[in-house]
Peer 1: 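Okay, here's the structure, questions in a sec.
What you see is a predicted model; the values in this text were computed from it and never measured. Naming convention: chains lettered A, B, ... in sequence-line order (proteins, then strands); numbering from 1 in each chain.
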Protein chains: 2
Amino acid sequence: MPSKPLPPITMDAVYAAPGYLFRRMQQIAVSIFMEECKAFDLTPVQYAALIAIHTHPGIDATRLSAVIAFDRSTLGSVIERLQAKDYIERKPAPEDKRIKLLYLTKSGAAILREIIPAVERAQARMLEPLKPADRKQLMGLLVQLVDLNNEASRVPLRAEDALEHLGKAG
Amino acid sequence: MPSKPLPPITMDAVYAAPGYLFRRMQQIAVSIFMEECKAFDLTPVQYAALIAIHTHPGIDATRLSAVIAFDRSTLGSVIERLQAKDYIERKPAPEDKRIKLLYLTKSGAAILREIIPAVERAQARMLEPLKPADRKQLMGLLVQLVDLNNEASRVPLRAEDALEHLGKAG
DNA sequence: TGTTGATTGACAGTATACTGACGATCTAGG
DNA sequence: CCTAGATCGTCAGTATACTGTCAATCAACA
């Protein structure tokens, strides 16, 4: 019995699919970031981790993963690399032997200060081809969509929740 | 001499950055795809490759990488896995000993036929939280942006160019 | 108090991605 | 014909990502 023919499949359908466009845009974004920041030898992920540690000194790895929506198992190696570059340090928590607290070193604070202009150039370049009004529109829609789809990924973003357990008044 | 203080850095600035949003949306898109398609054991990348091989039978790996905007070195392992699952086969090209031509097997055509509804559900789910008008707007802007930024990634999309050398009238 | 259940960091295994390099092969030019 | 340059598939090395698991540790409750 001959199999039914496939429905008409075109690459154009792939090129217009949301999943394909998100993947492609991510590739492009990383590429632009690395180009603008190549003098600093920092990846987008490492940069985000540094920012988060700067913003939340003494955070632990699990909470860090929630704050930047990274996978915990991926984060381990990211932290290792940042530590090897002397941008962060880990101190054991006195009250919980399982936890290691993360702090920016002076080198870490310094590179953050230096890299920020390059990162901002990169972010601007990603949207540059669009008209300013379209950039705003796109960002607005993306912020909405990411927020509304938050629970769909393995590591949903938990920005405030994560901080409630850090010892501050919650 | 005390170092200058960092400019005010907030996680909110990160959460609103295009690069962060693209990364996050990609994570979410892959997660939704895998959930809808878990019965088929196919990744988004493998799916795109199958579609491209179906659309362009006898394509070689380098041209395939251009058609789906993948890295050539990544594609090797993707092809291996598809071949191991008996979804594609590779035949040596008679006129060029360097090249191996890619074809869908019957199993490959079959799984493509079966998985397409699930993929379409996944693609729809990614945009579901938005109002229909906003979905259109977002996709329109993304298509524009990806197209205008095409050259920024390592492997720019070369949909038509790639086919001109395939033996068809170019 | 003693055990159950949850959490933390770590690890193994798989799959994209990119950089840079390599031998085999093909093509063009002299 | 024969060599210089380009192209093809491949590989090594690095960096995200995700799944699932584990021992150590902690918290809560009987």
Peer 1: Using a heavy-atom cut-off of 4.0 Å across all strands, would you classify B:Ser31 as base, sugar-phosphate, or nothing?
Peer 2: nothing
Peer 1: Between atom CG in A:Asp71 and atom C1' in D:dT21, what is the gap in whole Å?
Peer 2: 14 Å
Peer 1: Write down the protein N/O and nucleotide N/O pairs, taken from nucleotides 14-16 of chain D, whose separation is under 3.5 Å; answer none if there are no such pairs.
Peer 2:
residue: D:dT16; atom: OP1; partner: A:Thr43; partner atom: OG1; Å: 2.2
residue: D:dT16; atom: OP2; partner: A:Gln46; partner atom: NE2; Å: 3.1
residue: D:dT16; atom: OP2; partner: A:Arg81; partner atom: NE; Å: 2.9
residue: D:dT16; atom: OP2; partner: A:Arg81; partner atom: NH2; Å: 3.0
residue: D:dT16; atom: O3'; partner: B:Arg23; partner atom: NH1; Å: 3.2

Peer 1: So which pairs with a foot in residues 99-108 of chain A pass salt bridge (charged side-chain N to carboxylate O under 4.0 Å, His left out), sequence neighbours left out?
Peer 2: none
Peer 1: Round to the nearest Å and state the distance from A:Phe70 atom CZ to D:dC18 atom C1'.
Peer 2: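 About 14 Å, once rounded to whole Å.
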Peer 1: What is the distance, to the nearest angstrom, from the CD1 atom on A:Ile68 to the C1' atom on D:dC18?
Peer 2: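 My rounded result for the distance is 16 Å.
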Peer 1: Would you mind reading off the distance between B:Lys38 atom NZ and D:dC18 atom C1', rounded to a whole angstrom?
Peer 2: 15 Å
Peer 1: Using atom types as modelled and distance alone, determine if a side-chain donor or acceptor of A:Asn150 lies under 3.5 Å from a backbone N or O of A:Pro156.
Peer 2: no
Peer 1: Heavy-atom nearest nucleotide on DNA chain D for A:Gln26 versus A:Lys97: which residue maps closer to 5'?
Peer 2: A:Gln26
Peer 1: Summarise how protein sits on nucleotides 3-9 of chain D as a single string, 5' to 3': B when a protein heavy atom is under 4.0 Å from the base, S for sugar-phosphate-only contact, - for no contact.
Peer 2: ----BBB
Peer 1: Please list every donor-acceptor pair under 3.5 Å in which a side-chain atom of residues 30-38 of chain B meets a protein atom from a residue at least two apart or in another chain.
Peer 2:
residue: B:Ser31; atom: OG; partner: A:Ala152; partner atom: O; Å: 2.6
residue: B:Glu36; atom: OE1; partner: B:Arg121; partner atom: NE; Å: 3.0
residue: B:Glu36; atom: OE2; partner: B:Arg125; partner atom: NH1; Å: 3.0

Peer 1: Restricting to ring-ring contact (aromatic ring centres under 6.0 Å, His included), what partner residues turn up for B:Phe70, sequence neighbours left out?
Peer 2: none
Peer 1: Filter on salt bridge (charged side-chain N to carboxylate O under 4.0 Å, His left out), then keep only pairs touching residues 126-152 of chain A, sequence neighbours left out; what's left?
Peer 2: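 Qualifying pairs: A:Glu151-A:Arg158.
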Peer 1: Please report, to 0.1 Å, the donor-acceptor pairs under 3.5 Å made by any side chain of residues 40-48 of chain A, with sequence neighbours excluded.
Peer 2:
residue: A:Thr43; atom: OG1; partner: A:Gln46; partner atom: N; Å: 3.1
residue: A:Gln46; atom: OE1; partner: A:Thr43; partner atom: N; Å: 3.4
residue: A:Gln46; atom: OE1; partner: A:Lys85; partner atom: NZ; Å: 2.9

Peer 1: Show every donor-acceptor pair shorter than 3.5 Å between a side-chain atom in residues 89-96 of chain B and any protein atom, with sequence neighbours excluded, or say none if there are none.
Peer 2:
residue: B:Asp96; atom: OD1; partner: B:Arg98; partner atom: N; Å: 3.0
residue: B:Asp96; atom: OD1; partner: B:Arg98; partner atom: NE; Å: 3.1
residue: B:Asp96; atom: OD2; partner: B:Arg98; partner atom: NH2; Å: 2.9

Peer 1: Quick one: side-chain hydrogen bond (donor to acceptor under 3.5 Å, both in side chains) partners of A:Thr74, sequence neighbours excluded?
Peer 2: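 Listed in chain order: nothing, the list is empty.
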